> 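Structure below; questions to follow.
The first residue in the sequence is number 1, and the count goes up from there. Quantities reported herein were computed from a predicted structural model and do not represent experimental measurements.
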Amino acid sequence: MTDRDRLTRFLQTTIRNAGRQYEEARRAFDSARQSALADLPTDDEGRAQIVCRRYAERRAARLDADARPACFESDHPDCQGCVEDIHAGCVETWE
């Protein structure tokens, strides 16, 4: 085996290991974020089950990194109030 082959194998192994570590860290981050929002009931797909303040209806919505539901509209006061309630832990939910 030549030095070039050993270097190639070493780089491939190192990059593969770095990729695995990145994926593990990403999963841990996602899990921790979900744990922070765990006080909200979720459906089978992991969407938060909240009651929409704007339309007064039950919704199962994914939350983004800032804990805003997918239906969030930044210029609507009911949507802003909903996010504030989620952050305060007093949003209306359903199961």
Side-chain angles (χ1 to χ4, degrees):
M1 181 177 286
T2 67
D3 287 339
R4 183 179 177 95
D5 292 339
R6 277 185 239 166
L7 178 62
T8 301
R9 184 174 296 162
F10 170 76
L11 290 174
Q12 288 172 340
T13 304
T14 303
I15 291 170
R16 193 174 302 123
N17 288 338
R20 285 187 193 120
Q21 289 176 351
Y22 170 79
E23 186 60 26
E24 289 172 9
R26 190 185 65 75
R27 274 194 221 120
F29 174 79
D30 287 344
S31 177
R33 190 184 73 175
Q34 289 296 356
S35 294
L37 302 172
D39 57 334
L40 296 177
T42 57
D43 65 3
D44 294 337
E45 297 178 24
R47 298 176 298 185
Q49 295 176 311
I50 60 175
V51 176
C52 176
R53 288 180 62 172
R54 184 174 184 178
Y55 296 106
E57 67 183 13
R58 294 176 172 184
R59 291 204 176 171
R62 292 225 178 268
L63 301 180
D64 67 9
D66 296 324
R68 294 180 303 206
C71 56
F72 176 76
E73 292 183 22
S74 61
D75 60 342
H76 199 280
D78 285 339
C79 292
Q80 292 170 359
C82 180
V83 171
E84 290 170 5
D85 287 352
I86 290 172
H87 290 167
C90 62
V91 68
E92 188 176 352
T93 61
W94 56 279
E95 292 189 48

> Hey, does C71 have a side-chain heavy atom less than 4.5 Å from the side chain of R59?
yes
> Taking only residues two or more places apart in sequence or in another chain, which ones pass salt bridge (charged side-chain N to carboxylate O under 4.0 Å, His left out) with D43?
R47
> Among all residues two or more places apart in sequence or in another chain, which pass the side-chain hydrogen bond (donor to acceptor under 3.5 Å, both in side chains) test with R20?
N17
> Go through the structure and list residues passing side-chain hydrogen bond (donor to acceptor under 3.5 Å, both in side chains) with T2, not counting sequence neighbours.
D5
> Going by the salt bridge (Lys or Arg N to Asp or Glu O under 4.0 Å) test, which pairs reach into residues 86-95, not counting sequence neighbours?
none
> In chain order, what residues pass the salt bridge (charged side-chain N to carboxylate O under 4.0 Å, His left out) check against D3, with sequence neighbours excluded?
R6
> Sequence neighbours excluded, which residues qualify as salt bridge (charged side-chain N to carboxylate O under 4.0 Å, His left out) partners of E24?
none
> Just list the side-chain donor-acceptor pairs under 3.5 Å for residues 48-55, sequence neighbours left out, or say none.
residue	atom	partner	partner atom	Å
R53	NH1	G81	O	3.0
R53	NH1	D85	OD2	2.9
R54	NE	H76	NE2	3.3
R54	NH1	E73	OE1	2.9
R54	NH1	E73	OE2	3.1

> For T14, which residues count as a side-chain contact (heavy atoms from CB on, under 4.5 Å) partner, sequence neighbours excluded?
F10
> Kindly give the heavy-atom pair with the smallest separation between W94 and P41, and that separation in Å.
O-CG, 3.5 Å
> Can you list, by chain and residue number, the hydrophobic cluster partners of V83 when the side-chain cut-off is 4.5 Å?
F72
> Name all residues meeting the side-chain contact (heavy atoms from CB on, under 4.5 Å) criterion together with Q21; count only those two or more places apart in sequence or in a different chain, and write none if there are none.
none
> Could you work out, with side-chain contact (heavy atoms from CB on, under 4.5 Å) as the rule, every residue matching D44, not counting sequence neighbours?
none
